[in-house]
Amino acid sequence: ALEFMAETVLDCLADLSTDANQSFSIPWPHEARAVLLIQLDGSEAALASDIQRLSAVLEQENPVYLSTGMGETEEPLWEMRRLINPASYRAGPDKSSDDVTVPRGRVKEAVEGYQAIGRELGVTVLTFGHLGDGNILRPDDLTDNPLDCPLRRTVDLICAIEPLPEGKHAVAVRFSS
């Protein structure tokens, strides 16, 4: 699995972590502005070797935080991924959410496009999700909900970038006003 969380998602998670009713802490430092969660499969021996090689590659990028683990030691990171939905309400009380897909090599372009749409329309856009094959929202799935305006713009952007066939989640976009 390869999951990402962009800056606005990290901010919402940090805000949620300060809630007295929550019992979790953010595992990465505040200066982290994006997160990749990478989960590898294989035998214990193969995993140890793969983790070592992957860590060496990631270290070359000078990350502000790098954590490795197996089993229970990786659970706090995946818990952050599961907390995105409740954390997204920190951006606003209303939201529209759908899965869209872009080729892995064009995710940065898509995220920048989503953020531009959000700035133009005055809404907060949270981007996160599974990087890989995924679903694309079809324009005829949209309703007359006012929050669908940014969603319609996102669909237009995705179609311009080059949609992939349906499959697993790829990029989930949250709009909050």
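From a predicted model like this one, the values you see are computed outputs, not experimental measurements.
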Would you find a donor on one side and an acceptor on the other, under 3.5 Å apart, between the side chain of Thr8 and the backbone of Val125?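 Flag set: sc Thr8 to bb Val125 pair under 3.5 Å.
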
Salt bridge (Lys or Arg N to Asp or Glu O under 4.0 Å): pairs with one or both residues in [range], sequence neighbours excluded:
range	value
residues 12-39	Glu7-Arg33, Asp11-Arg33, Asp15-Arg90, Asp19-Arg90
residues 36-50	Asp50-Arg53
residues 117-129	Glu120-Arg153

Rounding to 0.5 Å, atoms CE (Met80) and CH2 (Trp28) come to a distance of 6.0 Å

Here the gap from Leu77 atom CG to Leu36 atom CG, rounded to the nearest 0.5 Å, amounts to 11.5 Å

Looking only at non-hydrogen atoms, find the nearest pair between [X] and [Y] and report the distance.
X	Y	answer
Phe4	Thr127	CE1-O, 3.9 Å
Gly42	Leu47	O-CD1, 3.4 Å
Cys12	Ala87	CB-O, 3.3 Å

Hits for side chain to side chain donor-acceptor pair (under 3.5 Å) against Gln22, two or more places apart or cross-chain, chain-then-number order -> none

Taken in chain and number order and not counting sequence neighbours, the residues that satisfy salt bridge (Lys or Arg N to Asp or Glu O under 4.0 Å) with Glu112 are Lys108

Less than 3.5 Å apart, which donor and acceptor atoms pair up between the side chains of residues 55-73 and the rest of the protein, not counting sequence neighbours?
residue, atom, partner, partner atom, Å
Ser55, OG, Ile51, O, 2.8
Thr73, OG1, Met70, N, 2.8
Thr73, OG1, Met70, O, 2.9

